[in-house]
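Worksheet for the structure shown next.
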Amino acid sequence: MARIGVFICHCGTNIASVVDVEKVAKAAMQMPDVVFATDYKYMCSEPGQAMIKEAIIEQKLDRIVIASCSPRMHELTFRKMLKGTTINPYMLEIANIREQCAWVHTDREKATAKAIGLVQMAVAKVAKNKPLSAGTIPITKKALVIGGGIAGIQAALDIADCGYDVTIVEKEPSIGGHMVMLDKTFPTMDCSACISTPKMVEANAHPNITLKTSCEVEKVSGYVGNFEVTIKEKAKYVNHDLCTGCGLCQTKCPTKVTSEFDQGMSKRSAIYIPFAQAVPSKPVIDANACLKLKDGKCGICEKVCPIGAINYQDEERFTTEQFGAIIVAIGYELVNWEEMYPEYGGGKYEDVITGLQFERLVNASGPTEGHILRPSNGKEPKDVVIIKCVGSRDPKKGKSYCSRACCMASAKHAHQILDKIPNSRVYVFYMDVRTPGKGYEEFYDNTRKDGAQYIRGRVSKIYKEGSKLIVKGEDSLLAKPVTVEADLVILATAMEPASGAYELAGKLGIAVDGDNWITEAHPKLRPVETQTNGIYLCGTCQGPKDIPDTVAQASAAAVKVAALFSHDEMETSPMVSSVDPDKCSGCGFCVDLCPYKAISLVEYAGRDNGRKVTKTVAKVNEGLCQGCGCCNAICRTGCIDLKGFTNEQILKEVDALCL
């Protein structure tokens, strides 16, 4: 006979303000196999845990139910507590009476009745629980960082400094990401390149870091500690082992196309290094622009290359490597404002630019060598309008979320214009001003003192009259329309996930939210982890953030990897699916449905009515399985059970609720 103890948590007033916890504890004492029940204000605290341990000894408990907050919060906490007792850590059930009860009800009597029902279900289930033991798996002490922006670079450097090997996979020809495109960083106005390029050089020179540029992740299989990753290296048409980066090929190339690095503000050659400080500082050929690769003509770069590094027959290559952990740091892109906001000119006016384009204009290494000039005529603008939240906080046309960095970036741009152009005037249209970082509010105040005029209201239309842009909007504080004649308009456009984020998440078996930002395991307690063990995230792949938060999160992800690699092997959760091969029909529905790619079809030698038979059956990789139960639900023959959530246990819960 089971001896069950039930512990009801007040959670301060989170639960107790709506649920009569004393009544729930009394009701629990009347439930089958319950020999002890009590309540306490903070059951997860040290005194609360000590109370549970004492009750286990005094009442000779062999399993327990804790009615508290979501098991996602503290189930692991209580499992660790039970490791020091006579009870197996998996002879525990959490009844969620906070999120599922107290937080969603206002009627105290009904909430209490529901809490009693939830406890009753947990008691019925724990009575059927069986002791489980965790297994172990070996760990490959090599990390993969997907994305070579400042987040990926920082994470890679921190892991490498701990003595572990790291590979950075970057889809562009150079690492650096968006940060290296910027001129200054707020609020200190440090040179962005002066901060980021030394880190790029350090990453390239680090003995534990391997750079793979112009590469993408093609396929991922395996599990935490033992990921098998196939990497596609795009054809560069230049042998980087031979190339010295002299640049002669670029100067002789006759084909000029728009520069992606300069955000369309300048031209580059078909064979090119993205920017002067690129790492690696060796060119690649743009196959879509190269006359030799398209039409079989030209070939000048091959003729002028003094060491024969040009290879027009180059092809994409695939390599497969083993990694113990993966960090996703794929960054962000800017929304396509031209389609979202045709009323702003929809890209027809050269002098309506994005904030990132302005960064290239004001940058000393940019197309105008740091001189702020109008793209349309090359003249210095005197009247500049900055429009914030273009695509952000606009669920009808753009994105519902705030892009976080825009307020400070706009203040920085206003400061730079007022500082570089004498007698200039800057008008900033805004919805709200958000300055949550250290020194941010002071920077914003100084920008206004510099002369920036902040106008609270949205811009309704931008059109051209002569050489001027007419910006029409409203001042919602004065409740009147506003018209500004501008020489230059800068749009603070919203961030959105990098292209391919959704597809990459599918390859990795991790989740994305409704906007395709990669989802963390828990926003408070596990902000750099994903639901797939061994895969971590950092930077703006998770959501909009500024550089300090990005770098901090990168180091946090690196610490998680270093902690994982500090052991030769790791424990795995025993709450995984298991297959009865004699019942399995080999239909494969579970294989297609499994979000973690943990199930495969294998050959099985069994018996059918005493006869030896060989058939195809499903097999679960316990290192990959996350215990979600999807396979259990889809299985037509009922051959799959989830340890800790067996069909018998679930049915006992249903029976308890129906009694």
Under 3.5 Å donor-acceptor, [X] side chain and [Y] backbone:
X	Y	value
His240	Pro283	yes
Glu333	Ser499	yes
Glu218	Thr230	no
Lys545	Cys538	no
Glu496	Lys399	no
Tyr223	Asn533	no
Asn208	Asp161	no
Lys234	Lys232	no
Asp262	Gly366	no
Asp314	Lys236	yes

What residues form a side chain to side chain contact (heavy atoms under 4.5 Å, CB included) with Lys199, not counting sequence neighbours?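 Applying side chain to side chain contact (heavy atoms under 4.5 Å, CB included) to Lys199 gives Ile150, Ile153, Gln154, Leu157.
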Test of understanding: with side chain to side chain contact (heavy atoms under 4.5 Å, CB included), list the residues that count as partners of Thr616, not counting sequence neighbours. Leu601, Glu603
Are the side chains of [Y] and [X] in contact, using a 4.5 Å heavy-atom criterion?
X	Y	result
Gln531	Thr519	no
Thr532	Leu508	no
Tyr312	Ile285	yes
Met408	Asp546	no
Thr213	Ser174	no
Leu182	Leu356	yes
Ile372	Phe358	yes
Pro173	Ser214	yes

Take Ile353 and Ile490 through the side chain to side chain contact (heavy atoms under 4.5 Å, CB included) test and state the conclusion after the steps. CA-CA 5 Å; Ile353 63 175; Ile490 303 169; 4.2 Å; yes
Can you see which heavy atom on Ser403 is nearest to which on Ser392, and at what distance?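 For Ser403 and Ser392, the tightest heavy-atom pair comes out as OG-OG, 2.8 Å.
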Minimal non-hydrogen separation, Leu373 against Pro381, with atom names: CA-CD, 4.2 Å
Can you list everything that forms a side-chain hydrogen bond (donor to acceptor under 3.5 Å, both in side chains) with [X]? Sequence neighbours excluded, please.
X	result
Asp165	none
Arg268	Glu260, Asp286
Glu170	none
Asn516	none

Is the Tyr164 ring parallel, tilted or perpendicular to the Phe565 ring (thresholds 30°, 60°)?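 If you compare the ring of Tyr164 with that of Phe565, the planes turn out perpendicular.
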So Tyr401 and Trp517, would you call those rings parallel, tilted or perpendicular, with 30° and 60° as cut-offs? perpendicular
All salt bridge (charged side-chain N to carboxylate O under 4.0 Å, His left out) counterparts of Lys282, not counting sequence neighbours: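 Here no residue qualifies.
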My understanding is that only residues two or more places apart in sequence, or in another chain, count here; which of them pass salt bridge (charged side-chain N to carboxylate O under 4.0 Å, His left out) with Asp549? Arg404
Show your reasoning for whether side chain to side chain contact (heavy atoms under 4.5 Å, CB included) applies to Leu491 and Gln357. CA-CA 9 Å; Leu491 307 179; Gln357 286 177 310; over 6 Å; no
With no hydrogens and no angle check, do the side chains of His413 and Glu359 hold a donor and an acceptor under 3.5 Å apart?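 Yes, Glu359 and His413 have a side-chain donor paired with an acceptor closer than 3.5 Å.
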Any side-chain donor paired with an acceptor under 3.5 Å for Glu233 and Thr319? no
Carefully, step by step, assess Glu216 and Lys507 under the rule salt bridge (Lys or Arg N to Asp or Glu O under 4.0 Å). CA-CA 12 Å; Glu216 295 180 6; Lys507 293 174 185 176; 5.7 Å; no
Would you sort out whether Asn226 and Thr140 count as a side chain to side chain contact (heavy atoms under 4.5 Å, CB included), showing the intermediate values? CA-CA 6 Å; Asn226 298 272; Thr140 301; 3.7 Å; yes
Residue Lys379 excluded, over 12 heavy atoms near NZ under 6.0 Å: no
Tell me if the NZ atom of Lys219 is crowded by more than 12 foreign heavy atoms within 6.0 Å. no
Residue pairs fulfilling side chain to side chain donor-acceptor pair (under 3.5 Å) with at least one residue in [range], sequence neighbours excluded:
range	answer
residues 292-310	none
residues 555-567	Asp158-Ser555, Glu529-Lys560
residues 181-196	Asp183-Gln416, Thr188-Asp190

Supply the atom-to-atom distance [X] [atom1] to [Y] [atom2], rounded to the nearest 0.5 angstrom.
X	Y	atom1	atom2	value
Thr354	Glu338	OG1	CD	9.5 Å
Leu469	Tyr349	CG	OH	7.5 Å
Phe275	Ser281	CZ	OG	9.0 Å

Would you give me the side-chain donor-acceptor pairs under 3.5 Å for residues 250-258, sequence neighbours excluded?
residue	atom	partner	partner atom	Å
Gln250	OE1	Ile273	N	2.9
Thr251	OG1	Leu248	O	2.7
Lys256	NZ	Ser269	OG	2.9

May I have the step-by-step check of side chain to side chain contact (heavy atoms under 4.5 Å, CB included) for Glu622 and Thr572, ending in yes or no? CA-CA 8 Å; Glu622 295 190 357; Thr572 58; 5.6 Å; no
